[in-house]
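The next block holds one structure in the form of structure tokens; read it before the comments.
In each ligand, atom 1 is the first atom listed, and ligand 1 is the first ligand listed. For the single chain, residues carry numbers from 1 onward in sequence order.
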Amino acid sequence: MLRDAVRSLAEAKIAPYAAAVDEEARFPQEALDALTANDLHAVHVPEEYGGGGADALATVIVIEEVARVCASSSLIPAVNKLGSLPVILSGSEELKKKYMAPLAKGDGMFSYCLSEPDAGSDAAGMKTKAVRDGDFWVLNGVKRWITNAGVSEYYTVMAVTDPSKRSKGISAFVVEKSDAGVSFGAPEKKLGIKGSPTREVYLDNVRIPADRMIGEEGTGFATAMKTLDHTRITIAAQALGIAQGALDYAKGYVKERKQFGKPIADFQGIQFMLADMAMKIEAARQLTYAAAAKSQRGDSDLTFQGAAAKCFASDVAMEVTTDAVQLLGGYGYTRDYPVERMMRDAKITQIYEGTNQVQRIVMARNLP
Ligand SMILES: Cc1cc2nc3c(=O)[nH]c(=O)nc-3n(C[C@H](O)[C@H](O)[C@H](O)COP(=O)(O)OP(=O)(O)OC[C@H]3O[C@@H](n4cnc5c(N)ncnc54)[C@H](O)[C@@H]3O)c2cc1C
């Protein structure tokens, strides 16, 4: 029922704008409005904080179905979970009450600020600092590649509070867009997910009350990594949706397109490609849904499974979307058809929330 409901909404209210959002590299406001009106913008927020209380699998299905028509728009529910999960996992009751209610209501989105210009895969090498000053913390630094920066009201920011302790000297904070000293860079000009704003976040003597720290001092990096264990599954869902969208489009196209006097779908060479695409997508789906169940239960092998799902599904998305372009021939290579956008959008799923090389490092360290 959830899938049907999200699919109908996505096809009616999000798909019609997907090409323009990409072409104009603009924020998918129509998608945000439609998702918010239907309480689908942050489904993961627990009921006790005013949210829909969707479990990890339901959240995956929402993201998958939105990504099937518009990958940029799927980053609305996905990044709302990424940004707010540190608070849900490790925040005080007061922080949860304060920030989850407006997120659930649609009054403010949440972003996640871990990466920096010189700290990507080696995120613990960050330079952003937080220095205690009485009942306040003062933050200074630059966060890079922040999805929905400038649009979101709330930001989970990881910053160094004790430089002598490397990852154990990093703490997490909630920063608000309206805090004095917060500003944003120009939107990055990207290959894909052009409708999703990616910007730098500048923190210039941002003074915030001490109770905005998420969890204990020095636990921010652990919270950031624990968050990714759960949210990499949402990136797998995004990849899955992009791949399914490309297969669905190509499946229709090959029945219409005629060469050598018959639909190209009649050629076995085409049928084998479609069979492989569907097989890979199904394998990615099973891995992703199993990982979502592990996320929900908090199973001890979640770290491996989340990394495996993200890595596998994103590699599948890249292969399937590239094959979809191939199936449309020259037409697939143009912006008159959606599959080239899907191919460009698929690429990011191999890069963010840890590149697929990093996923392999994570898997190797946590072999089942
Ligand atoms: C569109 C977009 C949105 C993003 N959104 C967010 C966000 O909302 N919040 C956030 O915090 N970050 C975000 N990121 C950042 C993203 O997570 C990083 O770009 C990613 O982790 C890689 O870091 P890097 O770009 O610095 O690459 P680097 O770490 O410099 O990596 C370069 C290459 O080296 C490889 N490499 C690095 N170390 C190793 C190793 N030990 N072994 C083998 N290979 C290695 C990498 O896999 C990669 O191929 C986003 C990025 C993009 C592009």
Side-chain angles (χ1 to χ4, degrees), residues 21-22 25 27-28 63 67 71-86 109-128 141-160 167 170 172-175 177 184-203 214 220-221 223-232 234-236 238-239 242 306-307 310-311 314-315 317-318 341 344-365:
V21 157
D22 173 67
F27 183 74
I63 294 164
S72 292
S73 300
S74 71
L75 284 166
I76 293 168
V79 173
N80 274 337
K81 179 162 179 176
L82 173 67
S84 64
L85 200 60
M109 299 210 291
F110 241 102
S111 288
Y112 176 89
C113 307
L114 179 67
S115 308
E116 297 188 358
D118 295 322
S121 300
D122 181 15
M126 69 178 62
K127 296 196 185 96
T128 296
V142 178
K143 291 292 174 181
R144 186 160 215 177
W145 310 117
I146 306 309
T147 299
N148 291 340
V151 180
S152 291
E153 285 298 320
Y154 311 116
Y155 298 80
T156 288
V157 174
M158 270 52 77
V160 177
S167 69
I170 291 171
F173 301 87
V174 178
V175 171
K177 183 181 175 178
F184 306 98
E188 303 292 346
K189 297 182 186 124
K190 307 192 296 293
L191 173 72
I193 55 159
K194 292 187 179 200
S196 172
T198 316
R199 297 174 150 195
E200 286 190 327
V201 175
Y202 305 121
L203 304 158
I214 303 171
F221 194 74
T223 295
M225 294 301 112
K226 202 169 158 198
T227 297
L228 293 177
D229 280 348
H230 294 275
T231 58
R232 278 174 181 148
T234 69
I235 301 305
Q238 182 189 38
I242 298 170
K310 188 272 190 191
C311 189
S314 59
D315 285 351
M318 202 62 241
R341 164 170 53 84
R344 287 185 285 107
D345 288 347
K347 185 64 201 168
I348 191 60
T349 63
Q350 294 180 310
I351 296 173
Y352 57 18
E353 296 210 19
T355 66
N356 280 4
Q357 285 93 334
V358 166
Q359 304 307 319
R360 288 178 168 96
I361 296 171
V362 171
M363 284 187 276
R365 284 185 188 151

Can you tell me the protein heavy atom closest to [atom] and the distance?
atom	answer
atom 53 (C) of ligand 1	Ile348 CD1, 3.4 Å
atom 9 (N) of ligand 1	Tyr112 O, 2.8 Å
atom 24 (P) of ligand 1	Gly120 CA, 3.9 Å
atom 27 (O) of ligand 1	Ser121 OG, 4.3 Å

Within-cut-off N or O pair, [X] and ligand 1, under 3.5 Å:
X	answer
Trp145	yes
Thr355	yes
Thr147	yes
Gln357	yes

Check if Thr198 has a non-hydrogen atom at a distance under 4.0 Å from any atom of ligand 1.
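It does; at least one heavy atom falls under 4.0 Å.
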For the side chain to side chain donor-acceptor pair (under 3.5 Å) test, which of Arg344, Arg341, Lys194 pairs with Asp22?
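Filter result, single survivor: Arg344.
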Hey, which atoms in ligand 1 end up nearer than 4.0 Å to a heavy atom of [X]?
X	answer
Ile351	20 (C)
Ile361	40 (C), 41 (N), 42 (N)
Leu114	11 (O)
Ile193	1 (C)
Glu353	17 (O)

Non-hydrogen protein atom less than 4.0 angstrom from [atom]:
atom	value
atom 39 (C) of ligand 1	no
atom 35 (C) of ligand 1	no
atom 29 (O) of ligand 1	yes
atom 32 (C) of ligand 1	no

Pair Arg144 + Glu116: basic N to acidic O under 4.0 Å
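No, this pair does not count.
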What closest approach, in Å, do [X] and [Y] show between heavy atoms, and which atom pair accounts for it?
X	Y	result
Tyr112	Ala224	OH-O, 3.0 Å
Met109	Ser152	O-CB, 3.4 Å
Leu75	Ile193	CD1-CD1, 3.8 Å
Ile214	Pro86	CG2-O, 3.3 Å

Where at least one partner belongs to residues 350-361, residue pairs that pass salt bridge (charged side-chain N to carboxylate O under 4.0 Å, His left out), sequence neighbours excluded
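Applying salt bridge (charged side-chain N to carboxylate O under 4.0 Å, His left out) to every pair that reaches into residues 350-361, excluding sequence neighbours, yields Asp315-Arg360.
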Distance, nearest 0.5 Å, that separates [atom1] of [X] from [atom2] of [Y]:
X	Y	atom1	atom2	answer
Leu82	Ile235	CG	CD1	7.5 Å
Leu114	Leu228	CG	CG	7.0 Å
Cys311	Arg232	SG	CZ	10.0 Å

Is the centre of the Phe184 ring less than 6.0 Å from the centre of the Tyr155 ring?
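That pair passes the under 6.0 Å test.
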So, using ring pair (Phe, Tyr, Trp, His ring centres under 6.0 Å) as the criterion, who are the partners of Tyr202 when residues are at least two apart?
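Counting only residues at least two positions away or on another chain, Tyr202 forms no ring pair (Phe, Tyr, Trp, His ring centres under 6.0 Å).
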Out of Gly83, Gly192, Ser115, indicate the one that has the non-hydrogen atom closest to atom 10 (C) of ligand 1.
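Heavy atom nearest to atom 10 (C) of ligand 1 belongs to Ser115.
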